[in-house]
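Quick caveat: nothing in here was measured; it's all calculated off a predicted structure. Note that these values count all heavy atoms, side chains included, but never hydrogens, waters or copies made by symmetry.
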Amino acid sequence: MQISGSGSNPHPDPRVGELRERLAAAYQASAEPTERAKAKLDSQNKLYVRDRITLLFDEGTFVEDARYANATADGLPADGVVTGRGEVDGRPAIVVANDPTVKAGSWGARTVEKIIRATEAALREELPIFWFVDSAGARITDQVDLFPGRRGAGRIFHNQVALSGKVPQICCLFGPSAAGGAYIPSFTDIVIMVEGNASMYLGSPRMAEMVVGEKVTLEEMGGARMHCTVSGVGDLLAADDEEAIDLARHFFSYLPETWHDPLPHYEAEEPEVPLSSQTVPESESVPFDVHDVIEGLVDADSFFEVKPLFAAELVVGLGRIEGQSVGIVANNSAVKGGVLFTDSADKASRFIYLCDAYGIPLIYLADVPGFMIGSEVERGGIIRHGAKMVSAVSEATVPQLCVVVRKAYGAGLYAMGGPGFGPEATIALPTARIAVMGPEAAVNAVYANKIAEISDEAEREAFVEARRAEYVEDVDLERLAADLVIDAIVEPEDLRADIVRRLKYAARRDRHFSTRHRSIPPV
């Protein structure tokens, strides 16, 4: 509320009146953009920082801190960042929001101090934090004051790491996030980028040309679509500021307020199209969209996919089953046959960490021929990245269910939470197969020399078919269940109900994994 007198004081002091006038001017300076700044925002289809905050918080709940930062300086209202607390659907949270109308949202010494204080409050009070990023980076003229010291910008990143997995950190990237400031989004749980406006880069295109001789556009260097499709640094593309904030609120609705709080619960709804025996092709060579299985499991219209444009051979996202939050990790045979690559392994690992941090049960939907092979992926570190995924699955202590939808071959079974990783249960649909590799590949691997020696084509085909039949019999689903590899074989129509019961009984799961200081990440 703007400062003003509420009537004449019987003992007036001119200095108080003059102070009120100065404070009112400082307040008004950060209340709305100048006409020139508003025109620029409109031309970029951007909202003013305070309008963004209004869309985030429940009406009348926002309380601002340090609004008068740098009030004695001209042209630096609130020093270019708005910080404070409010409620999102009745749940308290903190916001740090850059104001791009103040020197392009750049950081000064007091900007940094405000952000540090906000993160310290989040740590102290265990409050979720929303990052509304739209900043050109540090003001070079203030670098000594804001960059190197104990209360310098590095403290922001230190506190973000301390907050990671403790409380949700949700980032909406409305404009640039330049240089060192680009690390703020990278330490959050999700990065939502507005297409056409948002960008992240350590060095600008101009700097890249000067330093390394590369000529590149801003969009190619660090644009929203590039980061959401190629680098994987971005999670979701939004059309405008309103959609980005709506996605941020929606994502938050699946998460607890802190790592030790219960998950939010909503009214249960039946799936829009329940699973049936028609959903999954029985032939493992026929690709299909695993979204159909996911939508048949989760409550109607509750699946919130993360990184849908990146490494689409693996689908990850949050959903609700009977009103309870769950995490879904699913191979998608409709994209690259569902094979796991380095990017899909990284995508899965981070999502599993997220769910494990906030106590969200995980459901793996396996239809995977394994990890990709070949010199290109080996040079790209497929072993290193695959090990990250296997580590994430191993260390997760939330309830986990492995559902073998069709094939689960080789290390793909391990990466998808198979029996050796202690899931609550390994459930198979009747279409499921588990083996070191597919029948064709297995027969060729074992009998390649023998096959080559058979000159008669019909005899060779008969030999291969006989060996293939032996292999298939050896990994028969009934045998796997008889040998206790599989805990249950469930028809698609019954899978959701089976999962509901198992998650209910798994609620008391012991969440201890190993006693140590910490694990060492894979190579």
Side-chain angles (χ1 to χ4, degrees), residues 271-298 303 312-316 319 321 326 328-340 344 362-371 400-421 423-443 465 468-502:
E272 289 184 357
V273 181
L275 283 183
S276 74
S277 58
Q278 307 300 312
T279 306
V280 180
E282 295 183 358
S283 173
E284 69 176 57
S285 62
V286 177
F288 79 104
D289 191 344
V290 77
H291 289 90
D292 295 338
V293 175
I294 296 171
E295 295 294 346
L297 287 177
V298 301
F303 186 57
E313 65 273 10
L314 188 81
V315 176
V316 302
I321 294 183
V326 296
I328 305 287
V329 179
N331 309 115
N332 192 6
S333 63
V335 180
K336 299 179 182 178
V339 176
L340 290 168
S344 40
L362 281 158
I363 300 169
Y364 300 90
L365 301 177
D367 183 12
V368 57
F371 284 89
Q400 299 182 82
L401 292 172
C402 173
V403 179
V404 184
V405 176
R406 289 198 303 188
K407 55 194 174 295
Y409 292 155
L413 174 66
Y414 299 162
M416 295 300 290
F421 293 79
E424 304 305 316
T426 302
I427 306 164
L429 297 185
T431 47
R433 285 182 177 177
I434 295 176
V436 172
M437 61 184 72
E440 289 75 13
V443 170
E465 183 56 34
R468 184 182 183 282
E470 291 172 358
Y471 186 83
V472 170
E473 184 178 355
D474 193 46
V475 294
D476 178 71
L477 188 59
E478 184 180 13
R479 175 181 174 178
L480 293 175
D483 289 345
L484 305 185
V485 173
I486 298 294
D487 295 297
I489 302 174
V490 177
E491 290 291 343
E493 294 85 351
D494 302 321
L495 181 58
R496 176 180 157 98
D498 191 78
I499 289 173
V500 168
R501 286 190 293 267
R502 292 182 186 278

Excluding sequence neighbours, so at least two apart, what forms salt bridge (charged side-chain N to carboxylate O under 4.0 Å, His left out) with E313? none
Residues which pass side-chain hydrogen bond (donor to acceptor under 3.5 Å, both in side chains) with D498, listed by chain and number, not counting sequence neighbours: R502
Apply side chain to side chain contact (heavy atoms under 4.5 Å, CB included) to A469 and list each qualifying residue two or more places apart in sequence or on a separate chain. none
Hey, could you give me each pair passing side-chain hydrogen bond (donor to acceptor under 3.5 Å, both in side chains) that has a residue in residues 481-494? Not counting sequence neighbours. R479-D483
side-chain hydrogen bond (donor to acceptor under 3.5 Å, both in side chains) partners for E295, two or more places apart: none
Suppose we screen for salt bridge (charged side-chain N to carboxylate O under 4.0 Å, His left out). Which residues come up paired with R496, at least two apart in sequence or across chains? D299, E322
State, with a plain yes or no, whether a side-chain heavy atom of V315 is found less than 4.5 Å away from one of I328. no
Hey, are the side chains of S344 and V339 touching, using non-hydrogen atoms and a 4.5 Å cut-off? no
Set of side-chain hydrogen bond (donor to acceptor under 3.5 Å, both in side chains) partners for S276, sequence neighbours left out: none
CA sep, side-chain torsions, deciding dist, call: L314, N331, side chain to side chain contact (heavy atoms under 4.5 Å, CB included): CA-CA 5 Å; L314 188 81; N331 309 115; 3.5 Å; yes
Working to the nearest 0.5 Å, report the span between CD1 of I363 and CG of L297. 6.5 Å
I need the full list of side-chain hydrogen bond (donor to acceptor under 3.5 Å, both in side chains) pairs touching residues 425-438, with sequence neighbours left out, sorted by first then second residue. E284-R433
Any residue meeting side-chain hydrogen bond (donor to acceptor under 3.5 Å, both in side chains) with D367, in chain and number order, not counting sequence neighbours: R406, K407
Ring pair (Phe, Tyr, Trp, His ring centres under 6.0 Å) partners of F421, counting only residues at least two apart: Y414
Where at least one partner belongs to residues 408-420, residue pairs that pass salt bridge (Lys or Arg N to Asp or Glu O under 4.0 Å), sequence neighbours excluded: none
Between atom CE of M416 and atom CG of L362, what is the distance when rounded to the nearest 0.5 Å? 10.0 Å
